[in-house]
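Here the structure comes first, spelled out in structure tokens, and everything after it is commentary.
Owing to the predicted nature of the structure, the values given are computational and were not obtained by experimental measurement. The basis for the numbers below is simple: all heavy atoms, side chains too, and nothing from hydrogens, waters or symmetry mates.
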Amino acid sequence: DLAVQAREGELVAATHARGVFILPLKYLYEYTSDFAKKDLYLYDVPSVARGGFRGEWGYEQGVRYDSTPAAEPKAKVNFFTSSAGKATIRIKKDDKVLKETKFDARRGFNFAEIGLMLEAGKPITPTKLGPVKTGAEATKDPFEAMRAKYLERGEYVIEVEINGKVEKGTFKITAPS
């Protein structure tokens, strides 16, 4: 069964085996004959809010004894390509590559994600903390060196490369609203 959800701008396909697939139609609505002539087209990458406890990633609060790491924040990168091949997505700042991921892209619309974690954290183990001598020591995070490192707030260049064709766009990591 197929149904267009006009308000949401989505095409919903349901199978008799209880499977459901949802396709955002905004990409099809933007598709024109001029668009079809391009080898590669990068859609606008939505901003990502850097949030969580204390307004930072890596400080998420969970159940007291749950040691499951928090889900890595990701940027959604959607693009159209006229040919299949090996694709590379890069996040850059000042022409320096900060993060890169590679995957097989299909001909047509591709919906990808790239993680915003630069360095994974180390497991935090209970430790005995010594006496606090100053106010700065009292407010310092004793586990900061063990926490994961993420991209900072700011504006970045996102680059998609496939079969020698490169398309660039920008995206922002913002403060939570």
E167 side chain to V160 backbone, donor-acceptor under 3.5 Å: no
Intermediate values then yes/no, ring-ring contact (aromatic ring centres under 6.0 Å, His included), F111 and F79: CA-CA 7 Å; F111 304 96; F79 63 95; 8.9 Å; no
Side-chain touch Y156/L98, heavy atoms, less than 4.5 angstrom: yes
Of all heavy-atom pairs linking A84 and N163, the shortest is O-ND2, 3.1 Å
Selection residues 2-28 - residue pairs positive for side-chain hydrogen bond (donor to acceptor under 3.5 Å, both in side chains), sequence neighbours left out: Y27-N78
Side chain proximity check, L151 to L118, heavy atoms < 4.5 angstrom: yes
Rounding to 0.5 Å, atoms CG (L25) and CG (L11) come to a distance of 5.5 Å
Would you kindly confirm whether V166 and V45 end up in one hydrophobic cluster when ILVMFWY residues are joined by side chain heavy atoms under 4.5 Å apart? no
Quick one: pull up NZ in K74 and CD1 in I114 and give me the separation to the nearest 0.5 Å. 10.5 Å
Walk me through it: do V20 and V12 pass the test side-chain contact (heavy atoms from CB on, under 4.5 Å)? CA-CA 7 Å; V20 176; V12 179; 4.0 Å; yes
Option among V77, L116, V97 that satisfies the side-chain contact (heavy atoms from CB on, under 4.5 Å) test with I91: L116
Mind listing the closest non-hydrogen atom pair of I89 and A112 along with its distance? CD1-CB, 3.7 Å
Atom CZ of F80 and atom CG of L28: how far apart are they, to the nearest 0.5 Å? 10.0 Å
Might you point out which heavy atoms bring P46 and K76 nearest each other, and give the distance in Å? CD-O, 3.7 Å
For residues 35-47, which residue pairs qualify under side-chain hydrogen bond (donor to acceptor under 3.5 Å, both in side chains), counting only residues two or more places apart or in two chains? D39-S82
Nearest-0.5 Å distance that lies between atom CG in L42 and atom CD1 in I162: 12.0 Å
Y29 reachable from Y31 in the ILVMFWY side-chain graph, under 4.5 Å edges: yes
Which distance, rounded to the nearest 0.5 Å, do you find between the OG1 of T81 and the NZ of K165? 10.0 Å
Salt bridge (Lys or Arg N to Asp or Glu O under 4.0 Å): pairs with one or both residues in residues 81-93, sequence neighbours excluded: K86-D104, R90-E100, R90-E159, R90-E161, K92-E159
Rounded to the nearest 0.5 Å, how far does OG1 of T32 lie from CD of E30? 9.5 Å
Does a side-chain N-to-carboxylate-O contact under 4.0 Å join E152 and K172? no
